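Have a look at the structure below before the remarks.
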Protein chains: 2
Amino acid sequence: MLQKKLIERLKSHDISVSMQRLHILEFLLEKPEHYRAEEVYEMLKPKIPTLSLSTVYNTLHLFSERGLLKTLHLEEGVTHYDGVLEEHAHFVCEKCLKIFNVPLKETLPEADLPGMKILQVNLTYRGICHECLI
Amino acid sequence: MLQKKLIERLKSHDISVSMQRLHILEFLLEKPEHYRAEEVYEMLKPKIPTLSLSTVYNTLHLFSERGLLKTLHLEEGVTHYDGVLEEHAHFVCEKCLKIFNVPLKETLPEADLPGMKILQVNLTYRGICHECLI
DNA sequence: TATCAGATAGGAATAGTTCCTAATTAATTA
DNA sequence: TAATTAATTAGGAACTATTCCTATCTGATA
Ligand SMILES: [Mn+2]
Ligand SMILES: [Mn+2]
Ligand SMILES: [Zn+2]
Ligand SMILES: [Zn+2]
């Protein structure tokens with residue numbers, strides 16, 4: 001994505017611009033995969049040698065809070081971040097722990113939750129992927 | 001639940017019986033709530049003074065593997081166990097972190113996952129609960 | 001009874017995340 | 001512009017849920 005677009009995106013979400021933030025946002029938006037903080041850190045270290053893991057955590061929290069990306073709790077003790085905001089489900093392989101995006105045919109069922117404010121819906125399938133079934 | 005029923009339940013899932021297992025199973029089956037390993041441990045300590053946290057972890061893993069209960073990854077870094085096996089969704093309040101059971105009106109959408117073996121489906125709503133909205 | 005496998009207890013080790021503080025950078029004010 | 005203030009970042013220590021390791025215990029088997 002163009003630098004200009006990224007800057008706009010940050011500003012429109014009330015986030016002031018910094019090199020670290022631009023890089024982290026770009027990294028997550030251009031990929032359909034799901035990364036952990038540590039992975040984002042390792043991938044960006046070459047580009048921003050002074051980058052710290054704390055900053056990655058700070059930034060990911062901020063982005064998630066402001067709706068720039070989605071936080072996923074799919075497996076034990078790890079948080080993944082998803083830059084794809086279009087509604088979709090996930091499939092987690094219990095063997096290799098790979099995460100797959102799953103397009104949704106129908107919209108997700110409305111929940112009967114009177115008085116609650118729903119901010120996010122998450123649909124996850126769990127099982128064994130085609131690779132691991134062989 | 002009757003001791004007899006519990007023993008049957010274990011045996012029918014190819015799990016040999018022990019006091020620890022009976023107590024842990026009973027505890028989780030009779031409650032609609034969602035507990036962490038540590039909580040199960042604390043609750044059962046008075047009944048089984050020699051109980052160890054390791055055993056609780058071992059047992060919960062075993063039960064989950066054999067389909068006696070469901071493993072939930074709803075919030076950061078914690079695993080909850082659910083003894084209610086009937087299909088239902090969850091609502092997690094982002095403020096107080098309480099977990100609510102949500103009955104499902106419709107069945108969950110079939111996933112377009114050719115070649116994958118689906119073992120579990122998980123639907124989670126996230127937001128602010130009625131208590132925290134006041 | 002002696003042998004063996006499985007289950008348990010206890011504690012050390014691990015790892016992802018959070019918290020704290022000082023240094024750096026950006027924004028605001030005079 | 002210079003001085004002041006606020007926000008961001010870097011680095012590392014602290015925290016904590018979970019896993020891993022090992023010795024002990026228990027129950028079944030021969
Ligand atoms: Mn995704
Ligand atoms: Mn439940
Ligand atoms: Zn797999
Ligand atoms: Zn709440």
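Remember, it's a predicted structure, so these values are computed and weren't measured experimentally.
Counting to the nearest Å, the P atom of D:dA10 and the NE2 atom of A:H23 are 12 Å from each other. Rounded to an integer number of Å, the gap from B:H80 NE2 to D:dT18 C1' is 14 Å. If you take OH of B:Y41 and C1' of C:dG11, they are 11 Å apart, rounded to a whole angstrom. What separates CG of A:L22 from C1' of D:dT8 is a distance of 14 Å, to the nearest Å. Counting to the nearest Å, the P atom of D:dT18 and the NE2 atom of A:H73 are 13 Å from each other. To the nearest angstrom, P of D:dA7 lies 17 Å from CG of A:L10. Taking atom CD of A:E39 as the reference point, atom P of C:dA15 lies 14 Å away to the nearest angstrom. The distance between atom NZ of B:K45 and atom P of C:dA9, rounded to the nearest whole Å, is 9 Å.
Considering only the side chain of A:S16, D:dA7 comes nearest among C:dG16, D:dA7, C:dA9. Of the candidates D:dT18, C:dA7, D:dT8, the closest approach to any side-chain atom of B:S18 belongs to C:dA7. Nearest to the side-chain atoms of A:Q20 among the listed nucleotides D:dA10, C:dA7, C:dA9 stands D:dA10. Picking from D:dT18, C:dG10, C:dG16 the nucleotide with the shortest atom distance to the side chain of B:S52 gives C:dG10.
A salt bridge is absent between B:K5 and B:E8; no separation between the charged side-chain nitrogens and carboxylate oxygens falls under 4.0 Å.
Using the six-membered ring where Trp is involved, A:H34 and A:H90 have ring planes that are perpendicular, over 60° apart on the 30 and 60° scheme. In this pair, A:Y57 and A:H61 present their aromatic rings tilted. The plane angle is within the 30 to 60° band.
A donor-acceptor pair under 3.5 Å is formed between the side chain of B:E39 and the backbone N or O of B:R36. For the pair A:R126 (side chain) and A:L74 (backbone), a donor-acceptor distance under 3.5 Å is present. Side-chain atoms of A:N101 come within 3.5 Å of backbone N or O of A:P32 as a donor-acceptor pair.
Taking every heavy atom of residues 53-71 of chain A and every atom of DNA chain D, pairs under 4.0 Å involve A:S54, A:T55, A:N58, by number.
In terms of position on DNA chain C, the residue among B:I48 and B:G77 whose nearest nucleotide sits closer to the 5' end is B:I48.
With a 4.5 Å cut-off on side-chain heavy atoms, B:D82 and B:H88 count as touching.
Contact annotation for B:E38: no contact, since no heavy-atom pair falls under 4.0 Å across all strands.
Between B:R36 and D:dT16 there is no side-chain N or O to OP1 or OP2 distance below 4.0 Å.
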